[in-house]
Number of protein chains: 2
Amino acid sequence: MSDAASDTPAPLPPSPWERGRPARSRVTPARVPLSRVRVVEAAFVVLDRQGLDGLSMRQVAAELGVTVSALYAHVSSKADLLELMYTRLFVGFDLPEPDRERWQEQLRDFARSVRRRLLSHRDMARISMAHVPFTAELLPHVEALLAIFRTAGLPDRISAEAGDLISTYINGFVLEEGMWQDRAAADEAGGSSLARPDWREMAGEMQNYFASLPEEDYPHLRALSGLMVTDSSDDRFDIGLEIILRGLASYLPDPAPSPPSQ
Amino acid sequence: MSDAASDTPAPLPPSPWERGRPARSRVTPARVPLSRVRVVEAAFVVLDRQGLDGLSMRQVAAELGVTVSALYAHVSSKADLLELMYTRLFVGFDLPEPDRERWQEQLRDFARSVRRRLLSHRDMARISMAHVPFTAELLPHVEALLAIFRTAGLPDRISAEAGDLISTYINGFVLEEGMWQDRAAADEAGGSSLARPDWREMAGEMQNYFASLPEEDYPHLRALSGLMVTDSSDDRFDIGLEIILRGLASYLPDPAPSPPSQ
DNA sequence: TCACTTGGCGAACGCTGTTCATTAAGATAT
DNA sequence: ATATCTTAATGAACAGCGTTCGCCAAGTGA
C-alpha cells in the first residue's frame, strides 16, 4: 500500500487461458501451510472476538480461510485445541528462584502475573478452570510454586495444598470478573443502544440494589454494599490474596524472638 | 402399595366400549401435568446419569416422556433451567445465627455443608461456578455469611471479600474432585474392562508419576508426591479451609491480652 | 513419466438449543 | 347442548455444532 509500483506486479485475476491452474496458487504466492501453532493462533483470535461460546471449529477454520476438516490434521479434537490454548497461555512465564525472605512478594508477583495472563484473553479463566496443570509443559510451574512454599519453611502438608488453593483463587476470581463483563455486554446488546451501559454502570446498579434491601433482613449486605462491588477489581484481588498469604504465614515456625527492629 | 385393597378399585385397562375417551386418561389416572419443578427434577436425574455434557433439553424431555418443545412452556431456556438447578441445590440450607465466639466452627460447618451439597449431584460444581449467588433466593445465604464475618469482628473490607474467597474455594475444590472422577471414568470406559480402575487407582498412578520425576528438576514435587493426591479429599479440603480461616483470623483486633489459659 | 505422499476439500452423520404453526382436551359461557 | 376460549403438548423445522470419510490436486523422489 505504501511503497507500491515496484517490480512485483499487482496480482491480476487469472485470465481465462490459465483455467487449468486454479487462481489461488498465484494469488497467495507461497501459501503458508497450516500448522498446529497457526490453528492455535486463529483460535485465540476467534476467542477474543466471539468468546468461548462462539469458539467453534468452524469459526477457527473460517478465520484461517480453510475448511473444518483441515483442522483435524493438526489438532485431534476441540478438547485438544483448548488444552493447547491453555498450555500456550503460560509459555515464557518466568519462574522465580525461591527466596526464603521474599516468599510473600514472590507469591504476589506470581498470582498477579497469572491473573494478567488470564485477563489477556476473553473467557480464558473458563478454559483454565477446566484443566489441571499436571501436563509436561506446566509441571515446572507447579514445581516453582512448591519451591517457594517449602523454602519459605511451610510444613509439607500445607505446601501441598497451598498451590491448589492459590490457583483456585486466581481462576475463580478472574472467572467472576469475566462474568461481570459478559453480563454487562449482554445487557448492552439487548438494551438501549445509546449510552453503552459499560461494566461500571452495572456495578453501580448492583450497589444500589444492595443498598436498597430491607434493613432488618439484610443489615450486613447493606452495610457492605459499597465494598462488595468496587471500581477496581485489582484491590479486591489483592485483599483476597493477602488473606491467603496471612493464613499461610501462620504456619511458619515462630521466628526467633527478634529485637524490635523498627 | 402397603395398605391396598381399599375401596378405590385397581385401574383396569379400558374396555373396548369406551374407545371414545382415549386410554391414557385412565391408565395414567390423573396424568400429572408438567411443571417447573418436574422439569427440574428430571434434569437432575439426567444430570446424575449422564453428566453435564449429556444434559440436553431433549434428554430431559425424554426423561419426562414428553417432547422438547413442551419444556419451553415451563422453562425459558437451558440457561434458565441450569439456574433453577443451581438455586434448588440450596433450598432448606440452614443458616446459622452468628455467634461471635464460634465463628470458625460456623464457617467450617457452612463450607462442609456446601461441599456436601455440591457433591450430591454429578458436575454440580461446574454449574455452580457459572453462577453468582446474587439472586433473590440466595441473597439470605450471602447475608448469613457476611453476618458471621462481621459479628466475628472482621474489618468490613475483609468481610466483603471473604465470602467470595470461601465460595470460590469450595467450588474450585469440588470442581477438581469431579475432574478426577471424570478422568477415571473416561479411562475406565476406554481401557481394559476388567478390574475397574476406580478413582483411587488413578491417584496411585499420579503419585508414582510424581515420584518418578527427575530428582534435580523436581525435588519438591517428588518430596510432596505422597501428599498432593491423597485417598480422602476430606482432609485436603479441611486443610485449605483452615488456611483461609487462619488468614481471616489474622485480621481480628488483638484480643485483650488474656491470662495464658492453656 | 510414474508412483506415492501430503494437505486440504466437501459432503455427510447425528447431535444441539430454540421457534412456530397446529392439534387435542378441558373449562366456560351461551 | 352447543359454541367459544384457554391451555398443554405436539412435531416439524432451522441453523449450528463436533467429527469422520472418501476424494482430489499439488508436490516429491525414482
Side-chain angles (χ1 to χ4, degrees), chain A residues 14 18-40 42-43 46-47 49-85 123 127 130 186 190, chain B residues 14 18-40 42-43 46-47 49-85 123 127 130 186 190:
Chain A
E18 47 192 354
R19 215 158 36 97
R21 232 92 51 93
R24 290 206 323 277
S25 63
R26 288 191 169 274
V27 173
T28 308
R31 162 175 77 177
V32 189
L34 220 45
S35 69
R36 247 168 131 82
V37 303
R38 286 229 305 144
V39 171
V40 175
V46 174
L47 180 70
R49 192 196 318 136
Q50 322 198 212
L52 180 58
D53 295 325
L55 174 60
S56 70
M57 298 300 275
R58 281 169 163 89
Q59 290 290 327
V60 175
E63 179 67 29
L64 290 163
V66 138
T67 51
V68 214
S69 47
L71 301 180
Y72 285 85
H74 306 272
V75 152
S76 70
S77 68
K78 187 182 182 181
D80 186 28
L81 174 56
L82 290 177
E83 185 165 323
L84 289 174
M85 296 174 78
D123 283 341
I127 298 179
Chain B
E18 46 194 354
R19 218 157 35 97
R21 231 92 51 94
R24 288 209 322 277
S25 63
R26 287 193 168 272
V27 173
T28 308
R31 168 175 72 175
V32 190
L34 219 47
S35 69
R36 249 169 129 80
V37 303
R38 287 229 305 144
V39 171
V40 175
V46 175
L47 180 70
R49 192 197 317 136
Q50 323 199 209
L52 180 58
D53 295 325
L55 175 61
S56 71
M57 298 299 275
R58 281 171 165 89
Q59 290 290 327
V60 174
E63 179 67 29
L64 290 163
V66 136
T67 51
V68 213
S69 46
L71 301 180
Y72 284 85
H74 306 273
V75 150
S76 70
S77 67
K78 186 183 181 181
D80 186 29
L81 175 56
L82 290 177
E83 185 165 325
L84 289 174
M85 297 174 77
D123 283 342
I127 299 179

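Only heavy atoms go into these numbers, but all of them, side chains included; no hydrogens, no water, no symmetry mates. Residue numbers begin at 1 in each chain, while the letters A, B, ... track the order of the sequences.
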> Quick check for you: among D:dG18, D:dC21, C:dG17, whose closest atom lies nearest to any side-chain atom of A:Ser69?
D:dC21

> What nucleic acid atoms does A:Ala73 come within less than 4.0 Å of, heavy atoms only: base, sugar-phosphate, or nothing?
nothing

> Looking only at heavy atoms, what is the nearest atom pair of B:Gly54 and B:Gln59, with distance?
O-CG, 3.6 Å

> Minimum heavy-atom separation for A:Glu63 to A:Ala42, with atom names?
CG-CB, 3.9 Å

> Check every strand shown and say whether B:Ser56 touches a base, only sugar-phosphate, or nothing at a heavy-atom separation below 4.0 Å.
sugar-phosphate

> To the nearest angstrom, how far is B:Leu81 atom CG from C:dT18 atom C1'?
14 Å

> Please state how far atom CG in A:Asp80 lies from atom P in D:dT19, giving the value in whole angstrom units.
10 Å

> Are B:Arg36 and B:Leu84 side-chain neighbours, meaning at least one heavy-atom pair lies under 4.5 Å?
yes

> Using whole Å, report how far CG of B:Leu64 lies from C1' of D:dA9.
12 Å

> When the distance from CE of A:Met57 to P of C:dC13 is rounded to whole Å, what number comes out?
21 Å

> When the nearest nucleotide of DNA chain C is assigned to B:Tyr72 and to A:Gly65 on a heavy-atom basis, which residue is associated with the more 5' position?
A:Gly65

> Give the rounded distance in Å between these two atoms: CD of A:Gln50 and P of D:dC17.
9 Å

> Record whether the side chain of B:Arg58 comes under 3.5 Å of the base of C:dG17 through a donor-acceptor pair of N or O atoms.
yes

> Without decimals, in angstroms, what is the distance between A:His74 NE2 and D:dT19 P?
16 Å

> Taking the nucleotide of DNA chain C with the nearest heavy atom to each, does B:Ser77 or A:Ser35 sit closer to the 5' end?
A:Ser35

> In whole angstroms, how far is the P atom of D:dT20 from the CG atom of A:Leu71?
13 Å

> Within the 4.0 Å heavy-atom criterion, would you say A:Val68 contacts the bases, only the backbone, or no part of the nucleic acid?
base

> With a 4.5 Å cut-off on side-chain heavy atoms, are A:Val60 and A:Val75 touching?
no

> Expressed in angstrom and rounded to an integer, what is the separation of A:Asp53 atom CG from C:dG17 atom C1'?
12 Å

